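Structure first, commentary second.
Note that this is a predicted model, so its numbers are computed, not measured.
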Amino acid sequence: MKLKLSATPLLATLALLAAWLPAAAGTVTVSPAGPTSLSGEATVTVLGLDGRLERQVRCALDLRIALAANGTFTVAAMLFSPQCYDQTGTPFAVAAENLSQWRGTTSAYDARSAQSGVTNPQVTLIEDSGLGPPYYADCRGPSLKGLYWVGVADGPPTPATRLYTPGNQSIGATSNGRKCHISLDLRPSPFRNFRYAP
């Protein structure tokens with residue numbers, strides 16, 4: 001006895017699976033390629049082993065990258081303002097480390113934005129108020145994801161006017177297991193034209 005499979009339930013199942021699977025990342029073309037400066041604000045957050053907030057440090061930030069035509073990039077400089085402050089107003093020094101190891105890639109996200117990720121990020125925070133042992137956190141991660149270029153369009157090349165993280169994104173952890181996050185809101189200068197193809 002041969003069993004006949006109904007096409008309708010099979011198609012419905014495939015459609016349901018497709019809805020749950022992530023869309024394939026599209027390709028990005030950047031023009032003109034070359035050195036790009038971005039400036040704005042950064043907030044670095046460190047959570048203790050119990051998950052509670054230890055420090056949340058806010059800085060001005062200048063970021064300089066070498067952006068290739070396919071959206072890959074290297075980080076030439078990541079300069080935090082000389083004086084950063086935590087949630088209590090205590091001054092901090094913040095620095096990006098090992099920039100030669102940072103590598104970025106970019107892919108299409110939707111009809112209005114592209115998404116970048118960076119491998120091997122490392123950021124340190126140091127505070128010495130003179131009131132006790134200095135606070136120190138060395139945040140290292142395998143990757144920093146969720147960097148969105150806004151202003152991208154499917155079709156003619158369109159200027160990307162902003163690079164930001166919607167909320168805090170993981171930037172790894174310290175050697176003793178404290179979790180680190182970063183939030184960025186940067187404006188590129190000059191604008192780079194992005195075009196994506198799904």
Closest contact, heavy atoms only, C84 versus V57: CB-CG1, 3.6 Å

Should we count CZ of R178 as having more than 12 external heavy atoms under 6.0 Å? yes

Taking it one step at a time, do D185 and R162 satisfy side-chain contact (heavy atoms from CB on, under 4.5 Å)? CA-CA 7 Å; D185 192 352; R162 184 184 180 202; 2.9 Å; yes

Result of checking H181, Q56, R58 against T45 for side chain to side chain donor-acceptor pair (under 3.5 Å): Q56

Distance, nearest 0.5 Å, that separates CZ of R140 from SG of C180: 11.0 Å

With rounding to the nearest 0.5 angstrom, report the CD1 to SG distance, I171 to C139. 6.5 Å

Might you confirm whether atom CZ of R64 has over 12 heavy atoms from other residues, nucleotides or ligands at distances under 6.0 Å? no

Is there a donor-acceptor pair closer than 3.5 Å between any side-chain N or O of T106 and the backbone N or O of Q115? no

Assess the side chains of T124 and E97: does a donor N or O sit below 3.5 Å from an acceptor N or O? yes

So L186 and L61, side-chain contact (heavy atoms from CB on, under 4.5 Å) or not? Walk me through it. CA-CA 8 Å; L186 307 173; L61 174 65; 4.1 Å; yes

Single-linkage hydrophobic cluster V30~Y148, side-chain heavy atoms < 4.5 angstrom: no

Angle between ring planes, W149 versus F73, binned at 30° and 60°: parallel, tilted or perpendicular? perpendicular

Do the side chain of S143 and the main chain of K145 share a donor and acceptor less than 3.5 angstrom apart? no

Where do A69 and A33 come nearest, in terms of heavy atoms and distance? N-CB, 3.6 Å

Are L99 and L147 connected into the same hydrophobic cluster when the rule is that any two of I, L, V, M, F, W, Y join if their side-chain heavy atoms are below 4.5 Å apart? yes

Are side-chain heavy atoms of N70 and T29 found at a separation under 4.5 Å? no

Here's a test for you: under side chain to side chain contact (heavy atoms under 4.5 Å, CB included), which of I65, V150, L38 qualifies with L163? L38

Kindly give the heavy-atom pair with the smallest separation between N176 and L49, and that separation in Å. O-CD2, 3.2 Å

Between E54 and Y135, do the side chains contain a donor N or O and an acceptor N or O under 3.5 Å apart? yes

When you look at V28 and F194, which way does the side-chain contact (heavy atoms from CB on, under 4.5 Å) test go after all the steps? CA-CA 7 Å; V28 169; F194 280 67; 3.6 Å; yes

For F92 together with Y85, are the ring centres under 6.0 Å from each other? no

Could you give the distance from NZ (K179) to CG (L47), rounded to the nearest 0.5 Å? 9.5 Å

Would you tell me whether R192 and T36 have side-chain atoms, one donor and one acceptor, within less than 3.5 Å of each other? yes

Specify the closest pair of heavy atoms between P166 and G146, including all atoms of both residues, with the distance to one decimal. CD-O, 3.6 Å

Count the heavy atoms of every other residue, nucleotide or ligand shown that sit under 6.0 Å from OH of Y109, and state whether that count exceeds 12. no

When rounded to the nearest 0.5 angstrom, what is the spacing between CG in L67 and OG in S31? 10.0 Å

Return yes if some donor-acceptor pair links the side-chain N/O of N120 with the main-chain N/O of Q101 below 3.5 Å, else return no. yes

Any heavy-atom pair between the side chains of I182 and N168 that's under 4.5 Å? no

Shortest non-hydrogen contact from L184 toward A42: CD2-CB, 3.5 Å

Determine, step by step, whether W102 and M78 satisfy the side-chain contact (heavy atoms from CB on, under 4.5 Å) criterion, reporting the C-alpha distance in whole Å, the side-chain angles of both residues, the deciding distance to 0.1 Å, and the verdict. CA-CA 11 Å; W102 296 47; M78 190 172 185; 3.5 Å; yes

Does the side chain of P91 reach to within under 4.5 Å of the side chain of Q83, using non-hydrogen atoms? yes

How long is the span from the CG atom in D62 to the OG atom in S37, to the nearest 0.5 Å? 7.5 Å

